[in-house]
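Reckoned from all heavy atoms, side chains included, excluding hydrogens, waters and symmetry mates. Just so it is clear: chains get the letters A, B, ... in the order the sequence lines come, proteins before strands, and each one is counted from 1.
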Amino acid sequence: MKTKHKVMGVVAATATAAALTLGVIQKEAESQGAKTIKIDGSSTVFPITEAVAEEFQKQKKGSVRVTVGISGTGGGFEKFCSSNPSLRTDISNASRPIKKEEIEACKKSGVEFIELPVAYDALTVVVNKNNKAINSITVEELKTIWSKESQQKGIKRWNQVNPKWPNAEFKLYGPGLDSGTYDYFKEAILGKNNDIRSDFTPSEDDNVLVQGVARDPNGMGYFGFAYYEENTDKLKALAIVNPETKKPVMPSAQNVLNGSYKPLSRPLYIYVNKASANKPEVKEFVNFYLRNAAKLSKQVGYVPLPADDYKKAEARFQKGEVGRIPLRAGL
Amino acid sequence: MQGRDNLLHRRRLEKVFVAVALVLIVSALLVLLSLTAEMFIDGLPRLNWKFFTSFPSRHASDAGLLSAWVGTVLVISLAAIFSIPLGIAAGVYLEEYGRDSWLAAIIEINVTNLAAVPPIIYGLVALGIFVQSWNLGETVLTGGLTIALLMLPTVVVVSREAIRAIPASLKEAAYAVGASKWQVIWDHVLPYSLGSILTGVIVAVSRAIGETAPLITVGALTYIAFLPESPFTSKFPYVSFAWLQAPFTVVPIQMFNWISRAGTDFQANAAAAGAVLVILTLLMNGVAIYLRYRLRKAVQW
């Protein structure tokens with residue numbers, strides 16, 4: 001008999017809970033007044049936005065809430081421009097500029113956006129620490145190594161790319177095809193109408209790429225500078241031959257800022273929904289972001305923009321200038 | 001003599017087999033143990049009170065698991081609330097009422113198939129139904145419903161097995177003294193099978209705790225530094241369901257985020273989060289074993 005009561009109790013409790021839950025959901029959905037800023041997008045930009053959100057919430061003492069997801073640059077824009085208003089984010093992190101299709105999608109849903117660059121990243125091409133033969137690489141050589149065309153031509157050894165390099169098969173590690181990092185690399189190195197080869201090891205987790213290259217004497221990979229900086233004992237970064245000056249340039253904050261690390265230094269952006277920008281909490285957050293981006297992006301391993309650019313970005317945000325317009329040449 | 005030699009030979013063979021099996025299981029366990037031990041050792045410096053009471057941060061030593069473990073507890077409890085009554089009811093129907101009907105056959109095929117569907121598919125279904133059609137948003141409620149979907153087939157299968165294990169003589173005896181079908185189920189079948197059902201349910205729950213893919217699909221977050229509203233309020237009616245509408249993250253997602261960060265500082269946090277998950281699973285399995293023991297002792301036939 002005791003067990004019987006137990007069963008009844010459990011069933012009754014769950015049934016009541018379920019009924020109450022379903023009944024109250026609708027009401028609560030409308031009455032929820034806590035101010036939340038929704039951010040999603042690139043995992044590359046995530047550390048900067050997270051740092052800003054952390055400081056901002058500390059300053060606001062919990063009166064404003066900020067959530068940050070990592071759906072990737074493309075996935076972030078999908079939510080940002082969603083036709084369903086309840087899924088839209090206020091701000092989207094992006095490690096590349098917004099694409100034409102994405103602008104179209106935004107237009108269709110009536111979403112206007114303000115584009116704001118927040119920092120630089122130096123995409124870093126790395127090889128194994130013990131690879132003594134290769135120190136610098138040209139854009140052409142990178143293209144030869146990574147393109148689909150070369151795969152079809154059967155290029156898979158270092159000396160097929162450059163006769164001075166060893167006669168060994170290279171192993172490639174790169175970000176997955178959904179990442180903005182891949183998009184940027186593809187555009188900068190392979191060109192618009194070229195595809196990446198299919199026989200590389202992709203991962204959305206950059207540490208997997210780090211491990212791959214660190215363990216493989218013939219490994220090569222590319223990812224954000226922060227991941228190289230934390231693993232200089234295991235990896236060797238290659239100097240990239242600047243296509244204009246023909247001089248090899250190492251990735252570093254200085255070389256990104258003086259513009260010599262080309263073409264792999266890339267700007268990182270946040271995109272703010274124009275309608276959300278009218279909300280006081282979002283306005284305050286974005287202003288806070290631009291004022292602290294220099295300090296915080298440096299802390300998490302990125303290269304801050306010149307101070308002047310942050311001022312220009314602030315001015316653009318104040319004016320509410322929408323659309324994909326470079327803040328200045330190169331951004 | 002011939003037969004005796006043969007016997008000795010066969011006994012020796014058996015001993016060899018036992019030895020091989022023992023070596024295999026010991027080595028498998030050793031690998032598992034050393035991995036777990038390494039994780040605990042890596043995570044130990046972070047496993048303190050502060051780790052459970054602070055929000056994520058860009059500084060590894062300040063970063064904690066608070067929003068993640070609260071999210072996990074809420075999502076999993078909600079999933080249990082939705083899937084357990086439904087699952088048990090389905091099990092009862094299939095075993096006691098629906099036997100041999102075409103409807104039961106269809107349900108049975110579906111349930112068995114569902115149990116083999118990869119979790120990410122549940123995430124996609126949930127994204128389409130809960131998030132996009134029902135507009136429930138990327139909330140604790142959506143997360144709970146998603147995990148409930150995932151647990152449901154397991155709970156149904158477990159309930160059926162448990163109910164089937166009740167001896168027919170017991171039910172017949174109840175019928176013989178004039179009990180109705182419902183009385184037989186409610187007063188005898190369910191109480192006696194509850195122990196086994198609970199065990200299965202808890203195993204399903206402890207599997208669901210580690211689930212990540214479907215929750216990422218329905219929009220679980222990565223950085224969240226506040227807690228959902230408290231379910232209890234100081235004003236009438238003293239309970240609030242606002243937490244259902246709150247955005248959330250769960251422990252495995254937080255753990256993945258820490259692992260994939262640049263720098264080694266966060267690896268310790270990830271190891272600590274992993275240790276918490278393992279402890280949580282062990283605890284739940286412990287509770288399952290205890291409950292089964294208690295409930296089995298209470299039932300005598």
Interchain contact, [X] with chain B, by part (heavy-atom threshold 4.5 Å):
X      : result
A:E229 : neither
A:V66  : backbone
A:Y228 : neither
A:E50  : both

### Message
Need one label for B:F256: side chain, backbone, both or neither, based on atoms under 4.5 Å from any heavy atom in chain A.
### Response
side chain
### Residue part contacting chain A, namely of B:L86, when any heavy atom lies under 4.5 Å
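Neither part.
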Could you check whether atom [atom1] of [X] has more than 12 heavy atoms from other residues, nucleotides or ligands sitting under 6.0 Å from it?
X      : atom1 : answer
B:W243 : CH2   : yes
B:Y293 : OH    : no
A:K298 : NZ    : no

### Interface residues of residues 217-226 of chain B facing chain A - non-hydrogen atoms under 4.5 Å apart
B:G219, B:L221, B:T222, B:Y223, B:I224, B:A225, B:F226
### Task
Tell me the residues of residues 77-89 of chain A whose non-hydrogen atoms fall below 4.5 Å from those of chain B, in number order.
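So the qualifying residues are A:K79, A:N84, A:S86, A:L87.
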#### Entry: Max heavy-atom pair count under 4.5 Å with chain B, selected residue of A:Q57, A:E54, A:Q299
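The answer is A:E54.
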### Message
Please rank A:P47, A:G301, A:A53 by heavy-atom pairs under 4.5 Å with chain B and give me the top one.
### Response
A:A53
### Query
Picking from B:S57, B:G137, B:A89, which has the most non-hydrogen pairs under 4.5 angstrom with chain A?
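The answer is B:S57.
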### Side-chain donor or acceptor of A:N207 paired with backbone N/O of B:I259 under 3.5 Å
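Yes, the answer is positive, given that a donor and an acceptor are paired below the 3.5 Å cut-off.
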### Query
Going through the distances and angles, do A:T67 and B:E138 end up as a side chain to side chain contact (heavy atoms under 4.5 Å, CB included)?
CA-CA 11 Å; A:T67 66; B:E138 294 157 332; over 6 Å; no
